[in-house]
Asker: 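What follows is a single structure, and I will ask about it in a moment.
This one's a predicted model, so the numbers in the text were calculated from it and none came from an experiment. Sequential numbering from 1 along the given sequence is applied to the chain's residues.
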Amino acid sequence: MKKVAFYTLGCKLNFSETSTIARGFEEKGYQKVGFSEEPDIFIINTCSVTENADKKCKKIVKEAQKVNPNGYVAIIGCYAQLKPKEISTIPGVDAVLGAAEKFRLLELLDGFVKPAEARVLASEIKEAKSFNNAYSINDRTRTFLKVQDGCNYHCAFCTIPLARGKSRSDTIENILKSAEDIAKTDVKEVVLTGVNIGDFGIVNGKREERFIDLVRAIDQVEGIDRIRISSIEPNLLTNEVIEYVSKSERFVPHFHIPLQSGNNKILRAMRRRYLRELYEDRVNKIKQLMPNCCIGVDVIVGFPGETEADFLETYNFLNELDISYLHVFTYSERANTTAATMDNAVPLKVRQQRSKMLRILSEKKRRSFYASQLGTTHTVLFEDDIENGLMHGFTENYVRVAAKYDPLLINELKTLTLTEINDNGTVAVEEAEPMLETH
Ligand code: SF4
């Protein structure tokens, strides 16, 4: 029995796809093992957004060669689609597969016999037209269910459309089948995942369904305790979706909404499809219906042309907005993007300073959101994550909780009251309802 190991870089989508590819290997009789357990085959699923994607890829290949110098090394994922030739010259790489080929890995590389020269199987991105469904399972307490892939937007800084192709989706019918399979497992939380999930519903190049239809349909699947929407563009987060989530028993009060800049000039230069006013309106709508909703924000600092005043506008906008945390990205030039050719690049040092300021703001926001939740009761989903005798979990509204380690709590939902913020930023809990004594 051949042994195969996987290494995944990047986003939830990559994790869901690795997991599905791995299940395909297991169905064909391969044994899935850890990276250091001398696998015969190494599959490395790469990311193009990761900083220093090339260096990371080289490092993992080197590591694989150390573990098993005769192991077969195949590289897939976004970076493989963007730079197939470059990757094929990395010593130790045996195959590079693009976006249209990665799900056919077993068929294309049948036998996994090391070739004299690396094979490159990466067609042009326009060939990546079909939708391959995927979900992660058995790896975590939650599953990432891929419902959409690719993107038809052209944000000036983004390589994802070049790496993943046009927007396309699974059908609701298929997604419900996957959701029902997931419901039969022990998984408690499903995270709806995609590149631009608000654009859900394009099947074979035609808009067939809408995201709200998917939200309504998946909410009816029995046996799934929680459903989370991974990240959604503000212009696609409709009142309908917000209102539905606010009433749903399963959809959790948590949104992650990319902002990227709080300055309208920069938003236009980025080719984002909204202005700051719309973003503010979305946040207000959510908070009006769900005062305890957690709102995460993606923001990029140091985009070409971002002056100190522009940045401060973003800073003040976020400071005043009722949001819960930030994911801060320091802008860096990516090959083949419009932004890379723009004038007025911001010096690296300034980018880093701005990033630091927003990271501090993020901590402040998170703390104040957590503080607003103290004394309230939530369901916590505990994970298999132990540190110094403590285990961690998340409330439905994404407060990270720490509790005394108890193996029986792993992957369980427990109703608890949030008591105080620990020094490390997690939140302490106590039993919501004391157990009644029995005589
Ligand atoms: S919406 Fe913009 S940033 Fe997001 S994947 Fe599409 S092009 Fe990239």
Side-chain angles (χ1 to χ4, degrees), residues 2-26 30-106 108-109 111-122 125 128 132 134 136-140 144 146 159-160 162-164 193 195 329-330 332 334-335 385:
K2 278 199 173 175
K3 295 193 279 182
V4 57
F6 295 85
Y7 196 103
T8 309
L9 290 163
C11 63
K12 299 176 174 104
L13 210 50
N14 267 10
F15 278 93
S16 71
E17 291 178 341
T18 301
S19 185
T20 296
I21 293 169
R23 284 199 296 280
F25 270 84
E26 284 174 311
Y30 290 81
Q31 186 194 356
K32 188 180 158 201
V33 296
F35 211 80
S36 54
E37 295 172 64
E38 273 190 58
D40 303 295
I41 305 156
F42 296 87
I43 312 288
I44 303 168
N45 195 356
T46 59
C47 167
S48 62
V49 178
T50 315
E51 202 64 45
N52 300 320
D54 51 341
K55 277 195 202 130
K56 279 206 177 126
C57 189
K58 275 186 198 147
K59 199 169 160 246
I60 302 160
V61 174
K62 221 172 172 182
E63 204 52 46
Q65 284 200 300
K66 253 196 255 161
V67 173
N68 181 5
N70 300 317
Y72 190 102
V73 178
I75 314 289
I76 60 170
C78 294
Y79 186 55
Q81 176 65 40
L82 292 181
K83 298 271 159 102
K85 293 254 160 57
E86 214 166 89
I87 297 173
S88 70
T89 62
I90 299 176
V93 169
D94 296 304
V96 186
L97 280 83
E101 289 82 13
K102 66 185 168 195
F103 284 95
R104 291 168 55 219
L105 212 128
L106 269 161
L108 293 171
L109 305 180
F112 294 92
V113 180
K114 275 178 95 61
E117 246 179 51
R119 293 177 66 191
V120 177
L121 301 159
I125 191 59
N132 292 89
S136 60
I137 213 141
N138 286 340
D139 305 339
R140 292 166 183 238
F144 301 128
K146 174 182 164 189
T159 54
I160 294 175
L162 306 173
R164 284 194 166 266
T193 305
V195 171
F329 299 88
T330 308
S332 73
R334 304 276 177 212
D385 155 27

Asker: So do the side chains of Lys3 and Glu38 get within less than 4.5 Å of each other, counting heavy atoms only?
Answerer: yes

Asker: Measure the spacing between CD1 of Ile60 and NZ of Lys55 and express it to the nearest 0.5 Å.
Answerer: 14.0 Å

Asker: One pair to check against salt bridge (charged side-chain N to carboxylate O under 4.0 Å, His left out): Glu17 and Lys102. What are the steps and the verdict?
Answerer: CA-CA 9 Å; Glu17 291 178 341; Lys102 66 185 168 195; 3.1 Å; yes

Asker: In terms of side-chain heavy atoms, does Thr8 have a donor or acceptor partner in Asn45 at a distance below 3.5 Å?
Answerer: no

Asker: Would you compute the distance between atom CG of Leu108 and atom CZ of Phe103 and round it to the nearest 0.5 angstrom?
Answerer: 13.0 Å

Asker: Determine, step by step, whether Ile43 and Ile76 satisfy the side-chain contact (heavy atoms from CB on, under 4.5 Å) criterion, reporting the C-alpha distance in whole Å, the side-chain angles of both residues, the deciding distance to 0.1 Å, and the verdict.
Answerer: CA-CA 7 Å; Ile43 312 288; Ile76 60 170; 3.9 Å; yes

Asker: Other residues, nucleotides and ligands only: do more than 12 of their heavy atoms fall within 6.0 Å of NZ on Lys114?
Answerer: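 Count over threshold, so yes.
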
Asker: Distance from Tyr79 atom OH to Cys47 atom SG, nearest 0.5 Å?
Answerer: 11.0 Å

Asker: What do you reckon, are the aromatic ring centroids of Phe6 and Phe15 less than 6.0 Å apart?
Answerer: no

Asker: Can you tell me how far the NZ atom of Lys62 sits from the NZ atom of Lys66, to the nearest 0.5 Å?
Answerer: 7.5 Å

Asker: Answer yes if the ring centres of Phe42 and Tyr7 are under 6.0 angstrom apart, and no otherwise.
Answerer: no

Asker: CD of Glu37 to CD of Gln31: how many Å apart, nearest 0.5 Å?
Answerer: 7.5 Å

Asker: Which heavy atom of Thr159 sits nearest to which heavy atom of Ser48, and what is that distance?
Answerer: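 Minimum heavy-atom separation between Thr159 and Ser48: OG1-OG, 3.3 Å.
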
Asker: Is any side-chain heavy atom of Ile87 less than 4.5 Å from a side-chain heavy atom of Val120?
Answerer: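 A side-chain contact is absent here, since even the closest heavy-atom pair is not under 4.5 Å.
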
Asker: Would you indicate whether the side-chain heavy atoms of Val4 and Asp40 approach each other to under 4.5 Å?
Answerer: no

Asker: Nearest heavy-atom pair of Ala118 and Val93: which atoms, and what distance?
Answerer: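 Between these two residues, the closest heavy atoms are CB-O, 3.3 Å.
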
Asker: Shortest non-hydrogen contact from Glu101 to Leu97?
Answerer: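 Looking at all heavy atoms of both residues, the closest pair is O-CD2, 3.5 Å.
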
Asker: Show the nearest heavy-atom pair for residues Leu109 and Ala74, with the distance to one decimal.
Answerer: CD1-CB, 4.0 Å

Asker: Give the C-alpha distance, both sets of side-chain angles, the deciding distance and a yes or no for side-chain contact (heavy atoms from CB on, under 4.5 Å) between Ile137 and Phe144.
Answerer: CA-CA 8 Å; Ile137 213 141; Phe144 301 128; over 6 Å; no

Asker: Measure the OG-CZ distance between Ser88 and Arg119 for me, rounded to the nearest 0.5 Å.
Answerer: 12.5 Å

Asker: Inspect the contact between Glu26 and Arg23 and indicate whether a charged nitrogen and a carboxylate oxygen are less than 4.0 angstrom apart.
Answerer: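 Between Glu26 and Arg23 there is no salt bridge, as every charged N stays at least 4.0 Å from the carboxylate O atoms.
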
Asker: Which heavy atom of Pro39 sits nearest to which heavy atom of Val67, and what is that distance?
Answerer: CD-CG1, 3.9 Å

Asker: Just so I know, are the side chains of Val96 and Leu121 near enough to count as touching, which here means a heavy-atom distance under 4.5 Å?
Answerer: no

Asker: Heavy-atom distance under 4.5 Å between the side chains of Ile160 and Cys78, does that happen here?
Answerer: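 No, too far: nothing below the 4.5 Å cut-off.
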
Asker: Test your reading of the model: is there a side-chain donor-acceptor pair from Gln81 to the backbone of Ala99, 3.5 Å cut-off?
Answerer: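 Looks like yes, one N/O pair under 3.5 Å.
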
Asker: Lys83 and Ala335: which non-hydrogen atoms are nearest, and at how many Å?
Answerer: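 So the two residues come closest at NZ-CB, 4.0 Å.
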
Asker: With no hydrogens and no angle check, is any side-chain donor or acceptor of Thr193 less than 3.5 Å from a backbone partner on Lys12?
Answerer: no

Asker: Side chains of Phe25 and Lys32: closer than 4.5 Å at any heavy-atom pair?
Answerer: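 No, their side chains stay 4.5 Å or more apart.
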
Asker: Any chance the side chains of Ser136 and Ser16 put a donor and an acceptor closer than 3.5 Å?
Answerer: no

